[in-house]
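FYI, the numbering just counts along the sequence from 1. Both counts, for ligands and for their atoms, begin at 1 and track the order of listing. Bear in mind that the values here come from a model prediction, so they are computed numbers and not experimental data.
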Amino acid sequence: MSIVVLNLPTVKRKKEDRPKKCPYCGGETFQRWGQVNKRVKDTRFRQVKVYRYRCCHCQHTFRHYPAGVSYAQQSERLMKLCVIMWSLGLSHRSVTLILSVFGVRLSHMSGWRDVQEAGQRIRGRLKWKPARIVGVDGTWVNGKGIMVAVDLGDGELLAIAEIDEKEKSAVTAWLKTLKQKHNIGAIVTDDLATYKEIAQELEVGHQICQFHVRRWTGKALKVLEQELPPEWLHVIPSLQELIHDLPSNGSKVLYELWKQIPGRTTQPNEKRTPLEKLRDLVLRLSQDWERYIEFYHDPGIPWTNNRTEQIIGRLKNRAKRVRGYKTTDGLLAGSLIASQFWT
Ligand SMILES: [Zn+2]
């Protein structure tokens, strides 16, 4: 696990300032209306001082809590600490046990509620968050197909859904909703054929992760190097160079090359010859080229889907360690919380 910066909310023993607005009517003048000592569950304080005020306008009385304290029994600091410990892989019972060492008695149910509430808050914040460029990828967690969307602007996990990446219509519907909610302008994916169709259908920009392209073309060219007739071997280094340099006119260069390679002579059900394989590869690269270099047109688009893969790696790791992930909803809630601490 990478270094986690713990930014815990401050808790004050008493409120220094007077209330600014009445929570009932917005009135701005108050009378002090007594004080109470409130017992809190916190890492440092056992009780805090809470002043009561009466609104001169509507006559309602209300409590004015010190920083980090609310009507809840636990301070905000303790709540966040519970959530962090849980997100690091501890069960709610272990969290309760650790806190008891420091004299904080907490039922494991309230720890569980803190986690649920934190999950809901984050989900509420993410619901309509604008995310112009989004990384999309599928994976398998506990035998279930999972789709993940990452805001590539700030690297934040945006959404998880229980969808098999191969089910095109489900993936399309999911991305369509995300596009509307987050105002997505472009997606970054690996070069699965379905993503090309989906991006077209949803009318969003599309960048294909260049690490994926380099990986599969590297393998394919290595094989062809062994099989091609000698008079065509010179094509291989020029293809490698194109993929490495990603020139803007790559599509045209490849198309010209494709026209020079003799057409298919084998039957569709027959195995292709190495030269025919080369010809198909060149055509595919030519056709997809604009999706390799979408990032030239928009500085917000990364040329790989690295961030998304990184988040998927952490998510799978957590799913192995953390309890309470029997449902995808649980996985989503937990991963959203945990991702707030992933730096
Ligand atoms: Zn009032």
Side-chain angles (χ1 to χ4, degrees), residues 5-87 92 95-96 99-100 102-131 151 153-154 156-159 177 180-183 329 332-334 336-341:
V5 180
L6 294 186
N7 251 328
L8 292 174
T10 316
V11 175
K12 288 272 168 65
R13 213 189 294 240
K14 62 178 182 185
K15 191 88 175 175
E16 316 288 346
D17 60 339
R18 289 173 66 90
K20 300 220 161 38
K21 269 197 169 128
C22 165
Y24 296 98
C25 74
E28 288 171 3
T29 45
F30 313 96
Q31 270 177 291
R32 185 69 79 71
W33 208 251
Q35 63 177 64
V36 283
N37 286 322
K38 178 188 162 67
R39 290 169 58 82
V40 288
K41 298 191 174 195
D42 179 53
T43 49
R44 282 174 65 192
F45 303 135
R46 294 294 173 264
Q47 62 177 24
V48 295
K49 199 159 275 191
V50 179
Y51 294 114
R52 295 178 71 218
Y53 287 89
R54 190 166 85 139
C55 173
C56 296
H57 186 69
C58 73
Q59 316 300 324
H60 272 103
T61 57
F62 58 90
R63 291 174 167 213
H64 190 46
Y65 293 103
V69 180
S70 67
Y71 62 88
Q73 256 198 331
Q74 298 151 259
S75 70
E76 286 167 17
R77 175 160 59 196
L78 189 71
M79 288 187 197
K80 189 158 181 194
L81 190 63
C82 285
V83 171
I84 290 171
M85 285 196 279
W86 177 84
S87 77
H92 292 302
V95 170
T96 309
L99 289 175
S100 74
F102 299 99
V104 180
R105 284 169 197 278
L106 196 71
S107 74
H108 66 266
M109 277 309 292
S110 52
W112 182 84
R113 269 197 303 273
D114 290 345
V115 169
Q116 298 303 309
E117 278 172 21
Q120 270 165 14
R121 266 200 305 280
I122 296 165
R123 262 199 257 203
R125 182 173 65 72
L126 291 182
K127 200 168 179 188
W128 304 104
K129 180 195 180 199
D151 177 355
D154 59 9
E156 190 171 51
L157 176 61
L158 203 58
T177 312
Q180 286 161 352
K181 279 188 186 171
H182 304 289
N183 204 10
D329 254 15
L332 171 63
L336 282 178
I337 295 164
S339 68
Q340 305 293 308
F341 307 113

> With side chains defined as the heavy atoms from C-beta onward, is the minimum distance between Leu126 and Glu156 less than 4.5 Å?
Replying inline: yes
> Should the pair Arg32 and Tyr51 be classed as cation-pi, given the thresholds of under 6.0 Å to the six-membered ring centre and 45° from the axis?
Replying inline: yes
> How far does CD of Gln74 sit from CG of Leu99, to the nearest 0.5 angstrom?
Replying inline: 9.0 Å
>> To the closest 0.5 Å, what do you measure between NZ (Lys38) and OG (Ser75)?
In response: 10.0 Å
> Should we count NZ of Lys21 as having more than 12 external heavy atoms under 6.0 Å?
Replying inline: no
> Do the ring planes of His60 and Tyr24 sit parallel (below 30°), tilted (30 to 60°) or perpendicular (above 60°)?
Replying inline: parallel
>> Restricting to under 2.8 Å, identify the protein N, O or S atoms around the Zn ion (ligand 1) as residue plus atom.
In response: Cys22 SG, Cys25 SG, Cys55 SG, Cys58 SG
